[in-house]
Every structure is written in structure tokens, then in C-alpha cells.
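To keep things clear, I will list the structure first and then write my remarks on it.
Note that these values count all heavy atoms, side chains included, but never hydrogens, waters or copies made by symmetry.
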Amino acid sequence: MGDVSQAEAARRSHQKAAEFLPMFSVLALGLAVLLSLFIYKWGAAFRTVIGVQNDGNLHPRSELIATVGLPLLLAAGARTINYLATVWPALFFGVLIAGLVRAFISPKSVAMLLGSGAVRQQLMGAVVGMPLMLCSCCIAPIFSSVYGRGARLRSSLAIMFSSPSLNIAALILTFLLFPQNMAFSRTAMAVFAVLVLPVFVERLAGGAFCPKSVEESVCPSEGILPQNALGVLRSWIVSSGSVTFRTLPLIVLGVYASGLLVGWFEHPSSRGASAGLVIAVVALLATLTALPTFFEIPFGLLLLANGFPPGAVAAVLFAGPAINMPSLFTLARVSSRKVALVAFLGVWITAAVGGLLLEFWRM
């Protein structure tokens with residue numbers, strides 16, 4: 001009888017260990033990816049901030065392919081390659097995290113993480129997104145998976161906006177390199193975009209929750225864990241591959257389109273707008289253009305050195321990282337074109353109005 005009891009106890013212990021192993025594997029993978037991302041992003045951010053403090057200048061990475069003198073279509077292609085060559089590590093991390101969420105996180109878990117109540121959900125969205133410090137393109141796959149897992153549109157957008165807009169290192173660099181009024185203006189617009197703008201987007205465009213048909217294609221499983229560690233790894237690879245297949249073509253297409261926009265803006269035939277439209281036009285360009293992390297800083301310094309109004313510079317500092325054409329394409333596919341349009345207009349209007357208020361404040 002005692003031998004039977006011991007055998008039964010051993011069987012139950014083995015069964016519990018077998019049930020715990022897949023969960024442990026998921027946690028280990030998640031922690032490894034997040035730790036690697038934090039080391040990569042925060043290490044680079046720390047070196048950049050220290051470098052600026054030492055010599056007072058930010059030295060952006062040089063172009064892999066020179067775009068000067070190239071025809072418009074070829075220059076846009078070169079800008080696409082230059083951009084992806086800069087952001088691919090962060091984009092890779094974004095896909096891996098999105099793959100984990102898509103494969104293993106249930107809608108109930110997402111709801112528990114973000115909590116209930118509009119204020120708490122927006123704050124939690126900011127808390128989740130801000131430490132990642134991913135650019136708008138690289139956070140797009142994570143938005144896709146979180147929204148597809150049952151999070152409300154407004155809290156998903158808070159994550160999407162907070163990662164690039166409330167990038168702590170970028171805000172520190174802004175305060176180090178720009179006048180204080182521009183830095184405070186950028187920060188205020190970013191906080192508004194994270195905490196308030198997503199609420200307006202959800203109310204005006206609808207789509208509070210991911211449509212069922214889209215949810216099933218974006219996140220088809222219900223967060224059920226495989227039976228062993230190898231199954232966990234296999235599910236993660238398949239899920240990350242699916243995320244890549246669904247989002248990367250849209251990101252590349254959006255980067256190329258934004259490269260065309262930049263080239264058109266630089267073309268002589270597009271110049272000559274009245275001074276009163278400068279802030280609105282620059283805000284529009286910044287909202288649609290794909291900029292790697294920190295690249296809004298040299299862009300803003302260049303505008304400032306060339307006599308652009310401070311309001312236009314502040315608009316670039318906010319709208320440049322906040323959203324862009326590639327992330328808008330992803331947003332349109334996962335939610336709806338109406339949501340993407342309202343989000344675009346919201347960021348653009350916030351940037352333009354914020355820039356105009358800065359000009360008015362300086363008068």
C-alpha cells in the first residue's frame with residue numbers, strides 16, 4: 001500500500017513539473033528578450049547622453065547609401081535601406097515580443113495587466129511602452145498583438161505612442177540640446193498624445209476592441225501553452241514568423257513612401273509656401289516620415305540652424321518619433337483605415353497646434 005502511495009505521489013510530482021516547465025520556458029524567453037532589449041536600448045541611450053554631455057553635440061550615424069544627387073525613386077529606395085539598416089535590431093526585438101504576446105498571452109491576462117478604468121488603462125499603457133524606447137515602426141508589431149489579444153484601442157495606442165514619444169533618453173537629449181521652452185513643449189505634446197489622444201481616437205473612429213475576424217487572424221490561439229519546452233520554442237518561432245509576415249511588408253512600404261515624401265519636399269517645385277504654413281507643413285512631414293530613434297534631434301537642430309521657427313522645430317521633435325507612415329499602415333490593417341486616419345490627424349493637429357502655441361507664447 002505504501003509503495004502505491006509513493007508511486008502515486010511521484011506521478012503527481014512529475015505531472016506538476018511537466019505542467020510547470022512550459023510556463024517556466026515562456027517566462028524565461030520573455031525575460032531574456034526583455035533583458036536583451038533593455039541592455040541594447042538603454043546602453044545605447046546612456047552612451048549617447050554621456051557623449052552629448054561631454055562635447056555638446058549629437059553625432060547621428062552616417063548614411064549607408066548616399067542619397068544626394070539620386071533621382072527621387074532611387075533616393076527613396078536608398079532612404080529605405082538606410083532606415084532599416086539603422087532600426088533592424090529594435091524591429092527584431094519588437095517582432096520577438098509581439099510573437100510572445102500572440103502565442104502565449106491570453107486576452108484575460110492582457111485585461112488584468114491593463115486593469116479597468118480609462119485613466120488606469122492609459123497610465124498602464126504608458127508604463128508598459130515607455131521603458132521599451134522603440135521607434136514607431138518597431139512598436140507597431142507589439143501594438144498589433146496587444147490589440148489583437150483583447151486590449152482596448154485606447155490603451156493599445158497608449159503603448160504605441162509612449163514607446164517613441166516618451167523615450168526617456170530622447171527627452172533628456174532634447175533638454176540638453178534645445179531651449180527649455182522647446183523641450184517642455186515636446187514633453188507636453190507627448191504626454192497629451194499618450195494619455196488623452198487615444199481616448200479621442202477611440203471615440204471618433206470606433207474600434208474599441210479588435211474585430212473578431214481580425215483578432216482570429218492576428219492572434220488565433222487562446223494563450224494555451226504547449227506541453228513541453230520544445231513546443232514553446234516552436235510556437236514562438238511560428239508566431240514571430242507570422243508577425244513578421246503580416247507587418248514587415250507594410251513597414252517597408254511605409255518607409256519607402258515616407259522616403260518619397262521627403263524627396264518630394266526637398267524638390268524645388270514643392271517649395272514656396274507662405275510663412276504662415278511653415279509649422280503645419282513641417283508638422284505634416286514629421287508625422288508621415290519614418291525616423292529612427294533620436295533622429296528627430298539632428299533634424300530639429302538642422303531646422304533651427306536654418307532659421308525655421310521654434311514652433312516648427314518643436315513639432316518635429318514630437319511628431320517625428322510619435323507616428324509615421326509605416327506604423328499607420330499597420331494600424332489601418334489591424335484596426336481600420338478610419339482609426340489610422342484619425343490617429344494621423346490627431347498627431348498632426350497636436351504637433352501643429354503645439355508649435356503654434358509655442359510661437360504665441362514667445363510673442
Requested in this report: Find out if a path of hydrophobic residues (ILVMFWY) with successive side-chain heavy-atom gaps under 4.5 Å connects L304 to L291.
Outcome: yes

Query - Interatomic distance, T80 atom OG1 to Y256 atom OH [nearest 0.5 angstrom] - result: 7.0 Å

Report task. Supply the atom-to-atom distance L317 CG to S185 OG, rounded to the nearest 0.5 angstrom. Result -> 8.5 Å

Query raised in the report: At what distance, to the nearest 0.5 angstrom, does CZ of F92 lie from SG of C138?
Result: 12.0 Å

Requested in this report: Establish whether F184 and V191 are linked, either directly or via other cluster members, by ILVMFWY side-chain heavy-atom contacts under 4.5 Å.
Outcome: no

Query raised in the report: Does atom CZ of F175 have more than 12 heavy-atom neighbours from other groups under 6.0 Å away?
Result: yes

**Report entry** Co-members of L91 in a cluster of I, L, V, M, F, W and Y side chains, linked at under 4.5 Å
**Finding:** Y83, L84, V87, L248, I251, V252, V255

Query raised in the report: Considering residues at least two apart in sequence or located in another chain, which fulfil the side-chain hydrogen bond (donor to acceptor under 3.5 Å, both in side chains) criterion with S136?
Result: S327

Report task. Using the salt bridge (Lys or Arg N to Asp or Glu O under 4.0 Å) rule, collect all pairs that involve residues 185-194, keeping only residues at least two apart or in two chains. Result -> R186-E296

Report task. Tell me, yes or no, whether the heavy-atom count around F192 atom CZ, taken from other residues, nucleotides or ligands under 6.0 Å, exceeds 12. Result -> yes

Query - side-chain contact (heavy atoms from CB on, under 4.5 Å) partners of I50, counting only residues at least two apart - result: F46, Q53, N54

Requested in this report: Check side-chain hydrogen bond (donor to acceptor under 3.5 Å, both in side chains) between S336 and all other residues, then give those that pass, not counting sequence neighbours.
Outcome: none

Query raised in the report: Shortest non-hydrogen contact from I279 to A312?
Result: CG1-N, 3.7 Å

Query raised in the report: For A44, does its backbone N or O pair with a side-chain atom of T48 as donor and acceptor, under 3.5 Å?
Result: yes

Report summary line: For E202, the side-chain hydrogen bond (donor to acceptor under 3.5 Å, both in side chains) test, sequence neighbours excluded, returns R152

Query - Closest approach of A283 to A352 (non-hydrogen atoms, all atoms of both residues) - result: CB-N, 4.0 Å

Query - Euclidean distance, L358 CG relative to M189 CE, rounded to 0.5 Å - result: 7.5 Å

**Report entry** S162 side-chain N/O to A158 backbone N/O, donor-acceptor pair under 3.5 Å
**Finding:** yes

Requested in this report: Scan residues 303-323 for pairs that pass salt bridge (Lys or Arg N to Asp or Glu O under 4.0 Å), counting only residues two or more places apart or in two chains.
Outcome: none

Requested in this report: Would you give the length of the straight line joining atom CG of N167 to atom CZ of F294, rounded to the nearest 0.5 angstrom?
Outcome: 5.0 Å

Query raised in the report: Could you give all pairs that pass the salt bridge (Lys or Arg N to Asp or Glu O under 4.0 Å) test and reach residues 24-37, with sequence neighbours left out?
Result: none

Requested in this report: Please list all pairs passing the side chain to side chain donor-acceptor pair (under 3.5 Å) test where one or both residues lie in residues 31-47, with sequence neighbours left out.
Outcome: K41-T293

**Report entry** Qualifying residues under side-chain contact (heavy atoms from CB on, under 4.5 Å), relative to L29, sequence neighbours excluded
**Finding:** L100, V232, W236

Query raised in the report: In chain order, what residues pass the side-chain contact (heavy atoms from CB on, under 4.5 Å) check against F329, with sequence neighbours excluded?
Result: L250, L253, M325

Query - Set of side-chain contact (heavy atoms from CB on, under 4.5 Å) partners for A286, sequence neighbours left out - result: V316, A319

Query raised in the report: Quick one: OG1 on T330 to CG on N324, what's the gap to the nearest 0.5 Å?
Result: 9.0 Å

Requested in this report: Determine, using the 4.5 Å side-chain heavy-atom cutoff (strictly less than), whether I139 and I168 are members of one ILVMFWY cluster.
Outcome: yes

Requested in this report: Indicate if V68 and F299 have the same hydrophobic cluster label, given that clusters are the connected sets of ILVMFWY residues with side-chain heavy-atom separations under 4.5 angstrom.
Outcome: no

Query raised in the report: Taking a hydrophobic cluster as the set of Ile, Leu, Val, Met, Phe, Trp and Tyr residues connected by side-chain heavy atoms closer than 4.5 Å, whether directly or through intermediates, do L197 and V199 fall within one such cluster?
Result: no

